[in-house]
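Since this is a predicted model, take the numbers as computed values, not measurements.
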Amino acid sequence: MHLTQENDVVTGSDKGLPEDIADTLRGRIREGELKKGDKLPTQAQLAEEFGVERGAVRQALRMLQRDGLLSNTGKGSPPRIAEAAAPEPDVPQQTTAILHTCLERAFEAREVLIDVICFTAETLILALARPLRLIHQGRLRPESIQLRCLVPARGLALAFPVPVEEGDAARARAIHRELMDQRDSQLRVLRSTLKRLTREGGNRVGDVRVTYKELPFTTPVKLYLLNGEEAVFGYYQVGERPRETAGGEIQTYDVSGHKAMLFPFPGNRGGRDGAFAEESQKWFNALWGTIATDLTLSE
């Protein structure tokens with residue numbers, strides 16, 4: 001994934017309009033204003049409502065389609081709200097369909113605390129775009145944000161990605177170096193984007209802290225802990241996937257994090273959900289305070 005130093009979608013620029021339209025429609029689906037099977041207004045009607053060109057509406061609808069929120073998306077008639085568009089909160093969903101909603105809810109707090117265990121920061125950056133954009137617009141107003149992130153150590157012999165064909169240790173090391181370079185670039189972008197919230201405009205956040213540490217193992221799961229109240233958990237599914245390298249395309253055993261199914265565990269429900277959220281926070285804190293080591297990134 002190639003990332004610029006700051007994405008337009010989190011800076012409040014006009015380029016975020018399709019995301020704003022998609023956010024509004026997601027909200028209408030989530031609140032039941034748009035129900036399963038309902039037909040969306042036409043592109044012309046949506047363009048008039050939001051004061052944009054139809055191209056922006058089409059981009060927004062493609063985002064909703066990728067999230068699995070729309071059906072009947074062929075030409076000829078407006079799409080309908082998909083049958084699975086508004087699942088119950090405890091139903092597992094793909095990363096892109098649930099994490100942005102959970103993070104938006106977390107950013108409604110005055111003091112935001114996000115703890116993450118992940119392989120790279122790609123999914124987190126994409127999911128944060130929406131709440132950060134709402135901060136820029138003044139619709140969310142946290143007073144402080146603290147992000148702690150645990151990632152595999154750079155010097156590890158990673159469990160994945162690895163070539164399917166054994167005996168190619170040099171190529172495996174090259175793949176790992178490239179991946180870690182991309183990962184570190186993502187972490188720098190994430191830190192810079194969050195830190196900008198303390199400097200920009202009338203909707204500044206008073207205190208932003210971003211800290212990274214390294215784990216001495218390749219994490220097979222992704223875990224997002226939100227304000228000490230909710231855990232969102234998923235497995236990295238390993239499979240055979242092609243990967244471009246300097247020497248050409250090869251087959252590797254790799255993961256696709258953005259397609260992982262995530263399971264939300266709201267702590268305020270008590271019972272097993274609450275126990276899982278609590279134990280997950282204890283696990284993170286134990287790793288953070290014991291075997292994890294500081295990760296220093298160059299500017």
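Here salt bridge (Lys or Arg N to Asp or Glu O under 4.0 Å) pairs that include residues 107-121, with residues two or more places apart or in two chains, are Arg110-Glu143, Asp115-Arg148.
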Pair Val116-Phe284, side chain to side chain contact (heavy atoms under 4.5 Å, CB included): steps then yes or no: CA-CA 8 Å; Val116 181; Phe284 180 95; 5.7 Å; no

Steps toward side chain to side chain contact (heavy atoms under 4.5 Å, CB included) verdict (Leu215, Ile117): CA-CA 9 Å; Leu215 291 169; Ile117 297 177; 4.2 Å; yes

Phe160 vs Phe119, ring-ring contact (aromatic ring centres under 6.0 Å, His included): CA-CA, chis, key distance, verdict: CA-CA 10 Å; Phe160 47 79; Phe119 190 59; 5.0 Å; yes

Steps toward side chain to side chain contact (heavy atoms under 4.5 Å, CB included) verdict (Leu179, Arg243): CA-CA 11 Å; Leu179 178 63; Arg243 188 177 186 91; 3.9 Å; yes

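A salt bridge links Arg105 with Glu230: the distance from a Lys NZ or Arg NE/NH1/NH2 to an Asp or Glu carboxylate oxygen falls below 4.0 Å. Looking at Asp181 and Arg183, no side-chain N of the basic residue comes within less than 4.0 Å of a carboxylate O on the acidic one, giving no salt bridge.
A salt bridge (charged side-chain N to carboxylate O under 4.0 Å, His left out) with Asp184 is found for one member of Arg191, Arg177, Arg154 and no other, namely Arg154.
For the atom pair CZ (Arg58) and CD1 (Ile21), the distance works out to 11.5 Å, reported to the nearest 0.5 Å.
The two atoms that bring Pro18 and Ala56 nearest to each other are CB-O, 3.7 Å, heavy atoms only.
Contacts of Tyr235 classified as ring pair (Phe, Tyr, Trp, His ring centres under 6.0 Å), with partners at least two apart in sequence or in another chain: Phe233. Residues satisfying the ring pair (Phe, Tyr, Trp, His ring centres under 6.0 Å) criterion with Tyr212, sequence neighbours excluded, are absent altogether.
Around atom CD of Glu53, no more than 12 heavy atoms belonging to other residues, nucleotides or ligands sit under 6.0 Å away. With a 6.0 Å radius and a threshold of 12 heavy atoms from other residues, nucleotides or ligands, Glu165 has its CD atom at or below the threshold.
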